[in-house]
2 protein chains.
Amino acid sequence: MSDAHDVLFRTLADPTRRAIFERLCREGEKTVGALTAHAGVSQPVVSKHLGLLKRAGLVLDRHEGRQTHYSAKVAALAPLVDWTSQMAGFWENRFDDLEDLLQRMDQ
Amino acid sequence: MSDAHDVLFRTLADPTRRAIFERLCREGEKTVGALTAHAGVSQPVVSKHLGLLKRAGLVLDRHEGRQTHYSAKVAALAPLVDWTSQMAGFWENRFDDLEDLLQRMDQ
DNA sequence: CTCATTCATAGCTGTCTGGCTATACGTTAA
DNA sequence: TTAACGTATAGCCAGACAGCTATGAATGAG
(Lines give C-alpha, C1' and ligand atoms only; values in the text may rest on other atoms or scores of the structure.)
Protein backbone atom coordinates (compact mmCIF):
# COMPACT_ATOMS: atom_id res chain seq x y z
CA MET A 1 0.00 0.00 0.00
CA SER A 2 2.20 2.78 -1.24
CA ASP A 3 -0.18 5.56 -2.22
CA ALA A 4 0.54 9.18 -3.04
CA HIS A 5 0.45 10.27 0.59
CA ASP A 6 3.01 7.68 1.47
CA VAL A 7 5.51 8.87 -1.08
CA LEU A 8 5.00 12.51 -0.16
CA PHE A 9 5.29 12.03 3.58
CA ARG A 10 8.27 9.75 3.33
CA THR A 11 10.05 11.98 0.85
CA LEU A 12 9.51 15.10 2.93
CA ALA A 13 10.34 13.38 6.21
CA ASP A 14 14.08 13.69 5.75
CA PRO A 15 15.36 17.10 6.97
CA THR A 16 18.11 17.42 4.39
CA ARG A 17 15.79 16.55 1.56
CA ARG A 18 13.04 18.83 2.83
CA ALA A 19 15.55 21.67 3.18
CA ILE A 20 16.53 21.25 -0.46
CA PHE A 21 12.90 21.35 -1.50
CA GLU A 22 12.25 24.41 0.67
CA ARG A 23 15.19 26.20 -0.91
CA LEU A 24 13.84 25.45 -4.37
CA CYS A 25 10.48 26.83 -3.27
CA ARG A 26 11.98 30.00 -1.78
CA GLU A 27 14.65 30.78 -4.34
CA GLY A 28 13.46 29.08 -7.49
CA GLU A 29 15.49 27.05 -9.93
CA LYS A 30 18.97 26.00 -8.79
CA THR A 31 21.78 23.88 -10.13
CA VAL A 32 23.03 20.84 -8.24
CA GLY A 33 26.22 22.70 -7.42
CA ALA A 34 24.37 25.68 -5.96
CA LEU A 35 22.23 23.39 -3.85
CA THR A 36 25.25 21.40 -2.67
CA ALA A 37 26.98 24.59 -1.55
CA HIS A 38 24.42 25.08 1.24
CA ALA A 39 23.19 21.57 1.86
CA GLY A 40 25.83 20.49 4.35
CA VAL A 41 26.29 17.16 2.62
CA SER A 42 28.31 15.91 -0.33
CA GLN A 43 27.26 16.38 -3.93
CA PRO A 44 26.37 12.72 -4.53
CA VAL A 45 24.05 12.87 -1.56
CA VAL A 46 22.36 15.97 -2.95
CA SER A 47 21.95 14.25 -6.30
CA LYS A 48 20.41 11.26 -4.58
CA HIS A 49 17.94 13.44 -2.70
CA LEU A 50 17.05 15.27 -5.89
CA GLY A 51 16.43 11.92 -7.53
CA LEU A 52 14.00 10.97 -4.80
CA LEU A 53 12.30 14.36 -4.91
CA LYS A 54 11.94 13.91 -8.65
CA ARG A 55 10.47 10.42 -8.27
CA ALA A 56 7.99 11.88 -5.81
CA GLY A 57 7.03 14.46 -8.42
CA LEU A 58 8.13 17.30 -6.16
CA VAL A 59 10.76 18.71 -8.49
CA LEU A 60 11.47 19.05 -12.18
CA ASP A 61 14.89 18.90 -13.80
CA ARG A 62 16.15 20.72 -16.83
CA HIS A 63 19.47 19.89 -18.45
CA GLU A 64 21.55 22.73 -19.81
CA GLY A 65 25.01 21.85 -20.97
CA ARG A 66 26.71 19.97 -18.18
CA GLN A 67 24.57 21.38 -15.43
CA THR A 68 21.16 20.26 -14.31
CA HIS A 69 18.70 22.83 -13.04
CA TYR A 70 16.08 21.71 -10.55
CA SER A 71 12.89 23.52 -9.64
CA ALA A 72 10.09 22.88 -7.16
CA LYS A 73 6.77 21.60 -8.43
CA VAL A 74 4.49 22.93 -5.71
CA ALA A 75 1.40 21.41 -7.28
CA ALA A 76 2.68 18.03 -6.11
CA LEU A 77 1.83 19.07 -2.57
CA ALA A 78 -1.87 18.90 -3.40
CA PRO A 79 -2.44 15.38 -2.06
CA LEU A 80 -0.88 16.49 1.20
CA VAL A 81 -3.26 19.42 1.44
CA ASP A 82 -6.17 17.13 0.60
CA TRP A 83 -5.15 14.62 3.23
CA THR A 84 -4.83 17.27 5.89
CA SER A 85 -8.17 18.88 5.19
CA GLN A 86 -9.75 15.43 5.04
CA MET A 87 -8.45 14.65 8.52
CA ALA A 88 -9.68 17.98 9.78
CA GLY A 89 -12.97 17.30 8.03
CA PHE A 90 -13.49 13.99 9.76
CA TRP A 91 -12.85 15.72 13.01
CA GLU A 92 -15.48 18.38 12.31
CA ASN A 93 -17.99 15.78 11.18
CA ARG A 94 -17.56 13.93 14.42
CA PHE A 95 -18.06 17.22 16.15
CA ASP A 96 -21.33 17.62 14.24
CA ASP A 97 -22.31 14.09 15.23
CA LEU A 98 -21.71 15.04 18.82
CA GLU A 99 -23.91 18.09 18.42
CA ASP A 100 -26.65 15.97 16.89
CA LEU A 101 -26.36 13.53 19.74
CA LEU A 102 -26.59 16.28 22.31
CA GLN A 103 -29.63 17.75 20.55
CA ARG A 104 -31.36 14.39 20.48
CA MET A 105 -30.55 13.93 24.14
CA ASP A 106 -32.11 17.32 24.80
CA GLN A 107 -35.47 16.36 23.39
CA MET B 1 17.60 21.05 14.00
CA SER B 2 14.51 19.13 14.99
CA ASP B 3 11.65 21.59 14.60
CA ALA B 4 7.91 20.98 14.65
CA HIS B 5 7.77 20.16 10.96
CA ASP B 6 10.40 17.52 11.41
CA VAL B 7 8.51 15.69 14.13
CA LEU B 8 5.22 15.87 12.22
CA PHE B 9 6.60 14.68 8.92
CA ARG B 10 8.63 11.92 10.47
CA THR B 11 5.77 10.75 12.65
CA LEU B 12 3.29 10.69 9.79
CA ALA B 13 5.75 9.13 7.35
CA ASP B 14 5.16 5.59 8.60
CA PRO B 15 2.10 3.99 6.92
CA THR B 16 1.05 1.94 9.92
CA ARG B 17 1.29 4.90 12.24
CA ARG B 18 -0.49 7.20 9.83
CA ALA B 19 -3.25 4.62 9.39
CA ILE B 20 -3.78 4.57 13.14
CA PHE B 21 -3.99 8.35 13.22
CA GLU B 22 -6.39 8.38 10.27
CA ARG B 23 -8.62 5.89 12.02
CA LEU B 24 -8.71 8.03 15.12
CA CYS B 25 -9.65 11.00 12.95
CA ARG B 26 -12.41 9.11 11.13
CA GLU B 27 -13.89 7.14 13.98
CA GLY B 28 -12.97 9.09 17.05
CA GLU B 29 -11.68 7.78 20.34
CA LYS B 30 -10.53 4.16 20.37
CA THR B 31 -8.89 1.79 22.83
CA VAL B 32 -5.55 0.20 22.12
CA GLY B 33 -7.27 -3.14 21.67
CA ALA B 34 -9.73 -1.77 19.12
CA LEU B 35 -6.91 -0.16 17.19
CA THR B 36 -4.82 -3.32 17.31
CA ALA B 37 -7.70 -5.36 15.86
CA HIS B 38 -7.37 -3.57 12.51
CA ALA B 39 -3.78 -2.44 12.51
CA GLY B 40 -2.23 -5.59 11.07
CA VAL B 41 0.55 -5.53 13.64
CA SER B 42 0.92 -6.73 17.21
CA GLN B 43 -0.36 -4.85 20.21
CA PRO B 44 3.08 -3.76 21.46
CA VAL B 45 3.75 -2.25 18.07
CA VAL B 46 0.47 -0.34 18.21
CA SER B 47 1.35 0.93 21.68
CA LYS B 48 4.72 2.06 20.43
CA HIS B 49 3.17 3.95 17.52
CA LEU B 50 0.66 5.54 19.84
CA GLY B 51 3.51 6.61 22.07
CA LEU B 52 5.21 8.33 19.14
CA LEU B 53 1.95 9.94 18.00
CA LYS B 54 1.49 11.21 21.54
CA ARG B 55 5.02 12.63 21.70
CA ALA B 56 4.31 14.39 18.41
CA GLY B 57 1.20 15.90 19.99
CA LEU B 58 -1.03 14.20 17.43
CA VAL B 59 -3.08 12.18 19.91
CA LEU B 60 -4.33 12.38 23.47
CA ASP B 61 -4.68 9.47 25.84
CA ARG B 62 -7.27 8.93 28.54
CA HIS B 63 -7.00 6.13 31.07
CA GLU B 64 -10.15 4.37 32.14
CA GLY B 65 -9.71 1.32 34.28
CA ARG B 66 -7.34 -0.99 32.56
CA GLN B 67 -7.89 0.41 29.11
CA THR B 68 -6.40 3.47 27.50
CA HIS B 69 -8.49 5.50 25.08
CA TYR B 70 -6.69 7.45 22.39
CA SER B 71 -8.10 10.30 20.33
CA ALA B 72 -6.75 12.42 17.48
CA LYS B 73 -5.70 15.98 18.15
CA VAL B 74 -6.22 17.48 14.74
CA ALA B 75 -5.01 20.91 15.82
CA ALA B 76 -1.50 19.45 15.88
CA LEU B 77 -1.61 19.38 12.09
CA ALA B 78 -1.51 23.18 12.00
CA PRO B 79 2.27 23.46 11.47
CA LEU B 80 1.92 21.14 8.52
CA VAL B 81 -0.76 23.33 6.99
CA ASP B 82 1.38 26.40 7.64
CA TRP B 83 4.42 24.81 6.04
CA THR B 84 2.48 23.79 2.97
CA SER B 85 0.90 27.16 2.41
CA GLN B 86 4.25 28.78 3.02
CA MET B 87 5.82 26.68 0.27
CA ALA B 88 2.94 27.50 -2.03
CA GLY B 89 3.31 31.13 -1.01
CA PHE B 90 6.95 31.29 -1.97
CA TRP B 91 6.03 29.84 -5.28
CA GLU B 92 3.37 32.49 -5.89
CA ASN B 93 5.71 35.24 -4.82
CA ARG B 94 8.25 34.10 -7.33
CA PHE B 95 5.49 34.11 -9.86
CA ASP B 96 4.74 37.71 -8.88
CA ASP B 97 8.42 38.52 -9.22
CA LEU B 98 8.32 37.08 -12.68
CA GLU B 99 5.31 39.22 -13.52
CA ASP B 100 7.08 42.29 -12.18
CA LEU B 101 10.11 41.44 -14.24
CA LEU B 102 8.05 41.00 -17.36
CA GLN B 103 6.29 44.29 -16.72
CA ARG B 104 9.58 46.11 -16.26
CA MET B 105 10.87 44.51 -19.43
CA ASP B 106 7.79 45.79 -21.19
CA GLN B 107 8.43 49.39 -20.37
C1' DC C 1 42.79 15.95 -28.45
C1' DT C 2 43.29 16.71 -23.56
C1' DC C 3 41.93 18.32 -19.35
C1' DA C 4 38.70 20.39 -16.18
C1' DT C 5 34.01 20.67 -14.75
C1' DT C 6 29.46 19.10 -13.47
C1' DC C 7 26.51 15.75 -12.29
C1' DA C 8 24.97 10.81 -11.73
C1' DT C 9 25.89 6.14 -10.34
C1' DA C 10 28.02 2.31 -7.71
C1' DG C 11 29.34 0.30 -3.69
C1' DC C 12 30.13 0.37 1.16
C1' DT C 13 28.94 1.29 6.10
C1' DG C 14 26.81 2.69 10.35
C1' DT C 15 22.63 4.04 12.27
C1' DC C 16 17.87 4.16 12.79
C1' DT C 17 13.61 1.96 13.34
C1' DG C 18 9.54 -0.98 12.65
C1' DG C 19 8.48 -5.46 13.49
C1' DC C 20 8.55 -9.41 16.72
C1' DT C 21 8.31 -12.12 21.51
C1' DA C 22 8.59 -12.08 26.35
C1' DT C 23 7.43 -9.91 30.28
C1' DA C 24 6.18 -6.44 33.73
C1' DC C 25 2.47 -3.50 35.53
C1' DG C 26 -2.00 -2.14 36.78
C1' DT C 27 -6.98 -3.34 36.93
C1' DT C 28 -11.13 -6.11 37.22
C1' DA C 29 -13.33 -10.58 38.15
C1' DA C 30 -13.89 -14.86 40.80
C1' DT D 1 -5.71 -14.00 46.88
C1' DT D 2 -5.54 -15.67 42.47
C1' DA D 3 -6.56 -15.47 37.71
C1' DA D 4 -7.59 -13.14 33.59
C1' DC D 5 -7.39 -9.09 31.02
C1' DG D 6 -5.54 -4.64 28.79
C1' DT D 7 -1.31 -1.90 28.00
C1' DA D 8 3.22 -0.65 28.35
C1' DT D 9 8.06 -1.75 28.39
C1' DA D 10 12.36 -4.32 27.31
C1' DG D 11 15.24 -6.52 24.32
C1' DC D 12 16.28 -8.38 20.00
C1' DC D 13 16.70 -8.56 14.84
C1' DA D 14 16.38 -7.62 9.96
C1' DG D 15 15.73 -4.27 6.62
C1' DA D 16 15.83 0.44 5.08
C1' DC D 17 18.44 4.39 4.23
C1' DA D 18 21.33 8.59 4.66
C1' DG D 19 25.88 9.49 4.57
C1' DC D 20 30.57 8.72 2.57
C1' DT D 21 34.34 7.88 -1.31
C1' DA D 22 35.45 6.42 -5.81
C1' DT D 23 34.34 6.43 -10.36
C1' DG D 24 31.75 6.94 -14.74
C1' DA D 25 29.60 9.85 -18.26
C1' DA D 26 28.82 13.95 -20.55
C1' DT D 27 30.01 18.59 -21.76
C1' DG D 28 32.92 22.90 -22.22
C1' DA D 29 37.45 25.06 -22.37
C1' DG D 30 42.14 25.48 -24.12
Side-chain angles (χ1 to χ4, degrees), chain A residues 1-3 5-24 27-73, chain B residues 1-3 5-24 27-73:
Chain A
M1 232 194 283
S2 176
D3 56 15
H5 304 145
D6 232 77
V7 177
L8 279 184
F9 275 116
R10 261 212 309 273
T11 303
L12 294 172
D14 181 75
T16 305
R17 195 157 50 227
R18 194 172 59 255
I20 292 175
F21 177 72
E22 287 181 12
R23 214 154 98 78
L24 289 176
E27 309 177 15
E29 199 181 62
K30 294 280 175 199
T31 67
V32 176
L35 291 170
T36 301
H38 297 70
V41 292
S42 67
Q43 173 268 314
V45 169
V46 172
S47 280
K48 201 192 224 170
H49 282 308
L50 287 169
L52 292 174
L53 286 168
K54 184 181 173 186
R55 286 195 49 176
L58 285 163
V59 299
L60 296 175
D61 59 343
R62 178 175 67 82
H63 298 278
E64 183 180 328
R66 53 187 167 186
Q67 5 197 16
T68 310
H69 298 255
Y70 282 89
S71 54
K73 193 176 165 190
Chain B
M1 240 203 267
S2 176
D3 56 15
H5 303 145
D6 233 80
V7 176
L8 279 184
F9 275 115
R10 263 210 309 271
T11 303
L12 294 172
D14 181 74
T16 305
R17 195 158 49 227
R18 193 172 60 254
I20 292 175
F21 178 71
E22 286 181 11
R23 215 155 98 78
L24 289 176
E27 308 177 16
E29 199 183 62
K30 294 280 174 199
T31 67
V32 176
L35 291 170
T36 301
H38 297 71
V41 292
S42 67
Q43 173 268 315
V45 170
V46 173
S47 280
K48 201 191 221 172
H49 283 307
L50 287 169
L52 291 176
L53 286 168
K54 184 181 173 188
R55 284 195 51 175
L58 285 164
V59 299
L60 295 174
D61 58 342
R62 178 174 68 81
H63 299 279
E64 184 180 328
R66 53 186 167 187
Q67 8 196 17
T68 310
H69 297 256
Y70 282 89
S71 55
K73 193 178 166 190

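The chains referred to below are lettered A, B, ... by the order of the sequence lines, with proteins before strands, and numbering in each begins at 1.
- B:R18 has a carboxylate O that lies under 4.0 Å from a charged side-chain N of A:D6, or vice versa, which qualifies the two as a salt bridge.
- The backbone N or O of B:L53 lies less than 3.5 Å from no partner atom in the side chain of B:R17, so there is not a single donor-acceptor pair.
- Distances were taken from every side-chain heavy atom of A:T68 (C-beta onward) to each of C:dT21, C:dT17, C:dC7; the shortest belongs to C:dC7.
- Base engagement by A:Q43 is indicated by at least one non-hydrogen atom pair under 4.0 Å involving a base atom.
- Between B:R10 atom CZ and C:dT15 atom P the separation is 17 Å, expressed in whole Å.
- Residues A:H69 and A:K30 have side chains not in contact (no heavy-atom distance under 4.5 Å, counting atoms from C-beta outward).
- Annotation for A:A56 and A:T11: closest pair CB-OG1, 3.5 Å, computed over non-hydrogen atoms.
- Rounded to whole angstrom, the span from the NE2 atom of A:H63 across to the P atom of C:dA8 amounts to 7 Å.
- When side chains are defined from C-beta on, B:I20 counts as touching B:V46, because their heavy atoms get closer than 4.5 Å.
- When DNA chain D is scanned in the 5' to 3' direction for atoms under 4.0 Å from non-hydrogen atoms of chain A, the outermost contacting nucleotides are D:dA18 to D:dG28.
- When the side-chain nitrogen and oxygen atoms of A:Y70 are compared with OP1 and OP2 of C:dA8, one or more of them lie within a distance under 4.0 Å.
- Using a 4.5 Å cut-off on side-chain heavy atoms (C-beta onward), B:H49 and B:T16 make contact.
- Remark: A:K48, A:H49, A:L52 in residues 46-62 of chain A come within less than 4.0 Å of DNA chain D through at least one heavy atom.
- The only option from B:Q67, B:R66, B:R62 that meets the side-chain hydrogen bond (donor to acceptor under 3.5 Å, both in side chains) definition with B:E64 turns out to be B:R62.
- As judged by a 4.0 angstrom heavy-atom cut-off over every strand, B:V45 is placed among the base-contacting residues.
- In terms of position on DNA chain D, the residue among A:G65 and A:S42 whose nearest nucleotide sits closer to the 5' end is A:S42.
- At least one side-chain heavy atom of B:L58 sits less than 4.5 Å from a side-chain heavy atom of B:L12.
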